[in-house]
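In what follows, a structure is listed as structure tokens, so that the remarks can point back to it.
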Amino acid sequence: MDRLKVKIINRSGHGLPAYETTESAGMDVRACLEAPVTLQPLDRALVPTGLRVQLPAGYEMQMRPRSGLALRHGITLANSPGTVDADYRGEISVIVINLGREPFTIHDGERICQMVVAPYSHVAWEPVGELDTTRRGDGGFGHTGLD
């Protein structure tokens, strides 16, 4: 497995984001809060992480929800996945939303999301009059049935 070196400034007072298992794609990210934040159902808040990164050109960082928080409490990210571009140098914050039925309190140091770093490509558009045909064609939303 390749290891990509990424420069990071950590002002959170917590450990660096880390993979929980050897085959994990995402690293858990912790909240960096001066005081707990309580989200009522359907409330959202911008939660800082205390992290700044310098991604290499051609890479992005996606901020994604943690499945356990989503399942147990309805806590997710409002713009999932959130993208951190390679030229962004500010503090990484995430928009957390409570889709659950009960208030949820986020505490300093709590694992609130996960990050995945991946390469990306820029598109060079090629305007054409028609596209190659496929078996699927223009079938979209639910066109293959329920099975």
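Placement of Leu69 and Leu71 in two distinct hydrophobic clusters is found when ILVMFWY residues are connected by side-chain heavy-atom separations under 4.5 Å, directly or transitively. The hydrophobic cluster containing Ile112 also contains Tyr19, counting ILVMFWY residues as joined when their side-chain heavy atoms lie under 4.5 angstrom apart, directly or transitively. Leu39 and Leu46 fall into different hydrophobic clusters, where Ile, Leu, Val, Met, Phe, Trp and Tyr residues are linked whenever their side-chain heavy atoms come under 4.5 Å apart, directly or through other members. Taken together through direct or relayed side-chain contacts under 4.5 Å among Ile, Leu, Val, Met, Phe, Trp and Tyr, Tyr59 and Leu51 form part of one hydrophobic cluster. Leu16 and Met27 fall within a single hydrophobic cluster, where Ile, Leu, Val, Met, Phe, Trp and Tyr side chains are chained together by heavy-atom contacts under 4.5 Å.
Here CZ of Arg11 is found 9.0 Å from CD of Glu91. Values are rounded to the nearest 0.5 Å. Atom OG1 of Thr38 is separated from atom CD1 of Ile106 by 8.5 Å, given to the nearest 0.5 angstrom. In this structure, CG in Asn98 is found 10.0 Å from NE2 in His73, a value given to the nearest 0.5 Å. Between the CE atom of Met61 and the CE atom of Met115 there is a distance of 4.0 Å, given to the nearest 0.5 Å. From Arg44, atom CZ reaches atom OG1 of Thr76 across 13.5 Å, with rounding to the nearest 0.5 Å. Distance CZ/Arg30 to NE2/His14: 7.5 Å, rounded to 0.5 Å.
The shortest non-hydrogen separation linking Pro65 to Ser80 is CD-OG, 3.0 Å. Across Ala86 and Ala57, no two heavy atoms sit closer than the pair CB-CA, 4.3 Å. The two residues Val116 and Ala25 have their closest heavy-atom pair at CG2-O, 3.8 Å. Residue Pro103 comes nearest to Pro41 through the heavy atom pair N-CD, 4.1 Å, listed as atom of the first residue, atom of the second, then distance. Considering every non-hydrogen atom in both Pro56 and Val6, the closest pair reads CD-CG2, 4.2 Å. For the residue pair Asp108 and Ala31, the shortest heavy atom distance occurs at OD1-O, 3.4 Å.
Side-chain atoms of Arg52 come within 3.5 Å of backbone atoms of Arg89 as a donor-acceptor pair (strictly under, hydrogens ignored). Using modelled atom types, no side-chain atom of Arg136 and backbone atom of Thr133 make a donor-acceptor pair closer than 3.5 Å. At distances below 3.5 Å, not a single donor-acceptor pair connects side-chain atoms of Asp85 with backbone N or O atoms of Asp87. A donor-acceptor contact shorter than 3.5 Å is absent between the side chain of Asp28 and the backbone of Gln114.
When the options Ile92, Asn10, Leu33 are evaluated for a side chain to side chain contact (heavy atoms under 4.5 Å, CB included) with Thr49, the one that passes is Ile92.
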Take Val94 and Val47 through the side chain to side chain contact (heavy atoms under 4.5 Å, CB included) test and state the conclusion after the steps.
-> CA-CA 5 Å; Val94 292; Val47 177; 4.2 Å; yes
Val84 and Glu60: side chain to side chain contact (heavy atoms under 4.5 Å, CB included), yes or no, with the steps?
-> CA-CA 6 Å; Val84 178; Glu60 66 157 336; over 6 Å; no
Passes side chain to side chain contact (heavy atoms under 4.5 Å, CB included), Val117 versus Leu4? Steps please.
-> CA-CA 9 Å; Val117 176; Leu4 179 70; 3.8 Å; yes
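Within a 6.0 Å radius of CD in Glu102, no more than 12 heavy atoms belonging to other residues, nucleotides or ligands are found.
Annotation: side chain of Val96 is in contact with side chain of Leu77 (closest heavy-atom distance under 4.5 Å).
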